[in-house]
Structures are given as structure tokens and as C-alpha cells.
J.: 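I am attaching a structure below and will ask some questions about it afterwards.
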Amino acid sequence: MQLWLIPLLPLAGFLINGVFGRRFSKGLVNSVAIGSVALSFAWVLKTIFALGALAGVYREHYFTWIRSGVVNIGCDFGVDRLTIVMLLVVTGVGALIHIYSIGYMAHEGGYYRFFAFLNLFMFFMLVLVLASNYLVMFVGWEGVGLCSYLLIGFYFDKKFATDAGNKAFIVNRIGDFGFSLAMFYMVKNFGSLDFATVFKQAPGAPEATLTVIGLLLMLGACGKSAQLPLYVWLPDAMAGPTPVSALIHAATMVTAGVYMTARSWTIYTHAPAAMNAIAVIGLATAFFAATIGLAQNDIKKVFAYSTVSQLGYMFLGVGCGAFSAGIYHLVTHAFFKALLFLGAGSVIHALSGEQDLRNMGGLRKKIPWTYATMVCAAVAIAGLPPFSGFFSKDAILVAAYQHAPWMYWLGTLTAGMTAFYVFRAIFLAFFGEYRGDKHAHESPPVMLIPLAILALLSLAGGFLFKVPQFLAPIFPALEAPENPALVAISVVAGVLGIALAWLMYGAKPALADSFAASMNGLYTLVYNKYFVDEIYGATVVDPLVGGSRVVLWKGVDAGLIDGTANGVAARARNLGSLLRLMQSGNIRSYATWVLFGSVLLIVAMGIAGGLR
Amino acid sequence: MTDVPVPISWFLTLSAILFVLGVAGFVFRRSVITVFMSIELMLNAVNLSFVTFSYQLKQVNGHLFAFFVMVVAAAEAAVGLAIILTVFKNRETLNIDDVDSMKN
Amino acid sequence: MTLAIFLIFAVIAVVCAINVVVQTHPISSAISLVGVMGSLAVLYLQLGAEFIAAAQVIVYAGAIMVLFVFVIMLLNAGAEVKHGRSLTAQLLGAPLLVALLGLLAYFVQRLYPRGASVLFGGFRHGTPLDIGRALFTTYLLPFEATSILILIGIVGAIVLARKEMD
């Protein structure tokens, strides 16, 4: 089946564009980049048709990577239904975003570098998804983190961009630490990192072991998928170009944590404590991020917090045992969140770089196509039937109610907030009077066509892709009786959110300001993201940097190591100066030294018994 | 009168005393010619030692050694004094403390 | 008799040796050295080394010391002027010399406790005949080598001490 072609085509694109791209014309760079992704997508389709109605796993083994003691890790790719879903999302949405980028990045510098990094990201993400053991997955995991860093810091001449890239990478590393520990623990307990081997042995392992592994993997997922407490990098990651935000921080990379958790369902179903922890953290993150999103003024920041919140929903889903629901939401979220970001990019492009909602307004007449597609995304994310978001969110909330009713209520409240802040952004940007001073122009077709396709998918995705049924053979069944009341309540919450947003931002704009003024303390807290970054800075970053500077740099490196090296040299020099005094040029002193030596010799001979 | 023999160790002790006196001259004197003469003194002391051992072992080899020492000492004295002459020509001094261009 | 002669000439040798070291003017040292060599020649005779005794007087006292005296006269060496110093020699010299003498004396005493003694006439094989026999059989190679050595010495001395050709 040649599964290796799927990731290798984008890698080839990266290599060609990376090495020769400087000399290529824009058209050639485009062709290479988009061609490789499109070919990869085509190959995915071919693989799907060739595999037919795959119920189990199709594996390909390429070579043995590590063989040491009991551990035998090969470079293996595997495809099952979950992989197929992920492959389609990654290559499909990825291809659309590549096409969009042609228009968005047309006036930016570093054109070939952007597409090279984008292709490299596709390669790593596909490796992650196709992996058949945890170590190969980790290679992809780390690789997407690297590409995220490269792409967030794409405008490397801007300090806030490079700082954001650093932050993303470092916070991800903390999560990767958890992932690594989980892998070590797995090797210790199961003797293998292969999915098949681990999942066969997991049911028989003690629950404590599985809980530890589950929690450690969850730490990794928190880092990569921006959950509490490691979500802080994602809002800052908006410093990168908007297509990057769409692809990496909405549709694909951040979902890696969800995918990994779903893939490890065998471990989690036998470690209920860990699963509960995931659900709680997911829900808390969803609620927390939604509250922050209510008060943000940068359009991309609103959507960033929205992403964190929606990822929380996915984790809530898998944490409550509804694995297919979580993956379903992953798919629909990829559609509408990518669309929201690309739409935001289109708005920003139209206004030549303006990102503050307070300087927008009335744009629906000026950029109608962008407006139309964004509304499609907004109704999808708000969970209104019969659009795609409704189906996926509904599945999660029902499972949450099954798990613990309070989770359902909090989740529904968050859904209401989600609808509110998304439509707040829509109303502020597209309705009312234009508050800015730029001349808005509609985006070129190369940007609008992907928007249109994604809008279609956002609206009809629920009907086109029956993800839970497709994934049913893989995951354990969840007994979740259909409860129409629950469904109705969540829809009402969404509608209420939209209505409130219309009231505050569409009909009576002054209401928003007076409301904010009346709850000034709370508003400041939320607007400043609960000062989490500042708290982290003071408690973690500053002591660490200070400690490194004082102890490790000045103390150990300059003092101890340099001191030792310099000290040895200084001692040698001192000894040399001392010995040099013997070379006085004076014959009599030489003679005296000879005398000294001969006396010593006689004594030594006498002691050693040479003189009998 | 009976012939009172002399213990051999006395000869060797005398040789040691003469040798040490020669070293003393080498270490403490500053005139280069005196230093040379101290060297000759040392060589003589050694010769006495050789001849004494030759007597003790009742062999003539010690005498031969002493003979060769004498020959070499003669050659050495000749060349050494020539060197002293050259140094004196160049440095105008017979004080070996002043001949220290190998200092440091 | 042997003892008496030994003691007399040993004392003379030591006194002259001390004089060599102590005198300031080189010529006095040279004369004292001649005295040392003479007494040593008598001691050689006591030890039965006739040839060596004769060679001592002829070669050492007669040729080498004469050479020394010529050079002293040539250089017009005067009494030694004390300037320049060597800290090492001053500090370490005396103790080391005492140590050396002590060690040598000690070891000599330890190795010869019994009554090995010298009597005049106790060794009769130091005649020129014996020397010559040994010299031209066992020690032929060193003999030839030393003759080359002497040749080199002659050439070297001439080269070093000649005046530059103008």
C-alpha cells in the first residue's frame, strides 16, 4: 500500500522548497508545496479505497529502529478507521489552507520558507497520525512542536513573535516530559511501545500502573493541546501568520493530544481515575477559556481562546468515555475553526493588518463573501442544528450528563458563552458603522474558494460524515440513551448566547460598555486573562532564569568549570615559574644540585640494600 | 719492628675525604682555574679508590682503570684550559659567576 | 712502618687538599695540588701500584700541573675577587658536603669491618709488565680509543686557543 508515500510527499516538498526555493518563482514554490500536499491527499484517498471497509488495522513495517534488550521498536505505520479520519482531516484541511496561503502570503517576505515549513509540518503531523507505536508518534509529536515554533516565529525580526515561538516550544516541552515518562513507564511495565502489544497487555496490568501512565500521557496532551495548566502558549501563538493559526493551532497540531488520548483508550478505560481527570481538566479548560474569550478585543485572540475551549470539549468527550464523540468534534472543529481563522485572516488582509475588533464594523457590505462564510462557521460553532457543530457538541454533552450531571450543566453554560463570544466578534466586525480608517477590499478568489469549501463542510459536515458510526467498531460502546430534553436545552443555550450578543453589540452597543464598567473588577480580571501569564512569570520563569544565571552560569560554569580550567593552567604556570628559578646560569648552583642528586642516590641505594 | 698493616677502609676513607674536598672546591670557589684544579683533585681521589680496590681484589684491572683516568684527565685538562683561554678572551673575566648567559 | 708512612702522607695529602680549596691565589692552589699528587704517589707505592705511582708523578704532577701553571701565568690570574653569588651553593653546599662525607665514611666502615689490611709488598702485580700485558690484551680497544682521544684533545686545544688569522 506504500503508506510511507503519504508523509514523504510533503517532506519532499519541504526539501525541494527549502533547498532551492530561494531561486524559484512564487508560482513554482506554490506548485511544489500544494502539489505535494494534494498528492498526499490523493494517496490517502487511494489508500482508503484500496482498504475498503477496514475493520481492524493494516500495518506496514519498514525497518527496525531500536533494538536494545527487551525493547524492539520498529518504524511502523498503521491504518485503522481512526487513522483514516485523521488522515482525511490533516491532508484535506491542510490542502485547503495551503491554497489559501497563496493569497494571504503573496505580499509577505520569506515566501518559500513559509511553504517549506508548512510542508515540513504536514510531514511530521502525518508521521504522528500514521504511527503504530508510541515512539514514532513521539517523533511526529516533537516534530510538529518544532514546526510550530518555526512558524510562530516566522516574522523572526519581531521580538514578540520569537518570544511566542519560544514560549510555545518550552511549554510543549513540559508536556513532552510527561509523554516521555509515560513511554519509559510503558517500556518498564509492558516491555514494548508498540500499540498492539501495549493495548493487549493493558487490561491485565494493575490499575495503579495504568493510572500513572494515563496521567503522564495526559500531561503530554495538556502541553500539546493547550489545556490547563499548559494552555498559555496558544494565545501568544497568534503572533504567527493566520494560515499557521488555522492549520496548526486549530485543525491539526493541537488535536494531536486528543488523537493520542483516543488512541490510548484501552489504557484509559482501565484507569477510570485518569479518565475522570481528563474530563475534569477538559471541562475546566473549556469554561475558563470561554470566560477569557468574552472580553478579548483582538479577533485572533478571541478565536484562540475559543480553540482552547473547544479542545476542552474534546477532552471532556474522551474523558467521559465518548471517544468517537471527541473525535467527531475534532473533525467538525477542524472545519469551522479553520474557517473562522481563515476568515479572520481574510478580514485582516482586507483591512491591511488591522486586528482589533474595536476598529472594525460594518464590513458585511464591503467583504460580503468573507462575511457569509464566517457566519456559516459561527452558527456551526454555536451548536445550532442542523449544522455540524450541533451533532458533535450534542454527543459530547449527552455523554457528559451520563458521566456526571454537573458536567453537562457547566458544559451547556460554556456552549452558551461560546455562541456569545463568537457572535460578539461577528457583530463587532461586520455590523454597525465602520470605526476604522482603512479601505477594505475583498480577498482574491484563491483565498475565498477554500473559505467556501470549509463553509460547506461546516454546514453539512454533520450529514456528510457520520463519524461516530464510522468509528463504532474501534471504540467501546457507550450507553448513552437519547434524551431530547438535554439536546433542546443545549440548543436553547446557544440561541440565548446569540441573542445576548445581538443585544449588546448589534442593537444597543452602549450596553456592553456600561455592563463592563459596572463589573469593573471582574472585567479587568477576565480581560487580562486572569493574569495567568504574569503569575507564571513570577513564580516559575523568573526564579528559574534567576537561578540559572546565578547558580549555573556564574557559579558552576564561570566559577567551577572555567575556574578549574584556568586554575590548572595557572598552577602549571606557577610551577613553571618556580622551576625556572633553578635555571640560574650559575655553574656553582648546578654543581650543588648535582651534589644533592648524588647524595640522594647514595641514600636510596643504601636504603634499598644495594650496598650490602 | 713488625709491619703494622693499614686497614683498607682507611684508604677508602682518605679517598672520600679528598673527593669531598674536591667537591667543596668546585662548589665554593669562584675562580675558574681553581674550579678546574678541584676537578683534578676529585679525579685523583677516585684513582686512589681504584688502586685500593685493585689491591683488595688482587687484580691489576684497577690499575688499568686508574691509568685510563689519568689519560682522559690529561686530555680533558688540555681542552678545558683551552676553553678557559677562549672564555677569558671573550669575557675578560675568570669568575664563573659572571659566565651565566644561560640564565633562565 | 706501613702505618706510619700511610699516616704521614695521608695527613700531607689532606692538608694540601684543604690548601687547594682554601687559598685565594690560584698559583698557591696549584702548588698545593702538586703536593697532593706527590703524597698520593707514595700511597700508590704502598698499595703495590709501581707503574701508576710513576705515571702519577710524570703525567699528573709533571705535565698537567705544569700546564695549569702555564695557563695561570698566561692569564695573569690574580687573587680571586669575590663578587657574584649563588644562593643554592651557599645554602645547600655545606650541609650536602657534610652529608656526602658522612654517608661515604659510613658505608665504607660498614663494608669493611673485618681486618682487610694493606701491607707494603702485599700486591706484587702492579709492575709495568703486568700493566703492559693487560693493556695490550684485555684493554686493547680502550687503549686505541684513548690514543684517538688524545689526538682529538690536541687538535681541539690548538683550534680553541690559537689567535685568529688576520
J.: Between CZ of B/Phe28 and CG of C/Leu97, what distance do you get to the nearest 0.5 Å?
T.: 5.5 Å

J.: Measure the NE2-OH distance between C/His125 and B/Tyr55 for me, rounded to the nearest 0.5 Å.
T.: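 Output value for this atom pair is 11.5 Å.
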
J.: How long is the span from the CG atom in B/Leu48 to the CG atom in C/Leu43, to the nearest 0.5 Å?
T.: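 CG of C/Leu43 is found 6.5 Å from CG of B/Leu48.
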
J.: What distance separates C/Thr146 OG1 from B/Met70 CE, expressed to the nearest 0.5 Å?
T.: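 Going from the OG1 atom of C/Thr146 to the CE atom of B/Met70 covers 12.5 Å.
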
J.: Under 4.5 Å from any heavy atom of chain C, what part of B/Ser15 do you find: side chain, backbone, both or neither?
T.: neither

J.: Do the rings of B/Phe65 and C/Tyr139 sit parallel, tilted or perpendicular, given the 30° and 60° boundaries?
T.: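 B/Phe65 and C/Tyr139: perpendicular rings.
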
J.: Do side-chain atoms of B/Thr86 reach the backbone of C/Leu160 as a donor and acceptor pair under 3.5 angstrom?
T.: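 Flag set: sc B/Thr86 to bb C/Leu160 pair under 3.5 Å.
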
J.: Looking only at non-hydrogen atoms, find the nearest pair between B/Ala74 and C/Ile64 and report the distance.
T.: CA-CD1, 3.6 Å

J.: For the residue pair C/Ser29 and B/Thr34, what are the closest heavy atoms and their distance?
T.: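 Heavy atoms of C/Ser29 and B/Thr34 come nearest at OG-CG2, 4.1 Å.
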
J.: Name the region of B/Glu76, side chain, backbone, both or neither, that has any atom closer than 4.5 Å to a heavy atom of chain C.
T.: neither

J.: What part of B/Leu14 lies closer than 4.5 angstrom to a heavy atom of chain C: side chain, backbone, both or neither?
T.: side chain

J.: Let me confirm one number: the OH-CG distance from C/Tyr60 to B/Asn44, rounded to the nearest 0.5 Å.
T.: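 Rounded to the nearest 0.5 Å, the OH-CG separation comes out at 4.5 Å.
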
J.: Between B/His63 and C/Phe123, what is the ring plane arrangement, given parallel below 30°, perpendicular above 60°, and tilted in between?
T.: perpendicular

J.: Using the benzene-type ring in the case of Trp, are the ring centres of C/Phe143 and B/Phe68 under 6.0 Å apart?
T.: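 No.
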
J.: Could you pull out the closest heavy-atom pair between C/Ala17 and B/Leu21, with the gap in Å?
T.: CB-CD1, 3.6 Å

J.: How many angstroms lie between atom CZ of B/Phe19 and atom CG of C/Leu104, to the nearest 0.5 angstrom?
T.: 7.5 Å

J.: Go through it in stages, so that I can follow the logic: the residues are C/Leu74 and B/Phe88, the test is side-chain contact (heavy atoms from CB on, under 4.5 Å), and I'd like the CA-CA distance, side-chain angles, deciding distance and then a yes or no.
T.: CA-CA 11 Å; C/Leu74 196 60; B/Phe88 182 75; over 6 Å; no

J.: Heavy-atom distances under 4.5 Å only: say whether B/Ile17 touches chain C with side chain, backbone, both or neither.
T.: both

J.: Which atoms of B/Phe26 are under 4.5 Å from chain C, going by heavy atoms: the side chain, the backbone, both sets, or neither?
T.: neither

J.: Kindly give the heavy-atom pair with the smallest separation between B/Leu64 and C/Ala134, and that separation in Å.
T.: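 Closest pair (atom of B/Leu64, atom of C/Ala134, distance): CD2-CB, 3.6 Å.
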
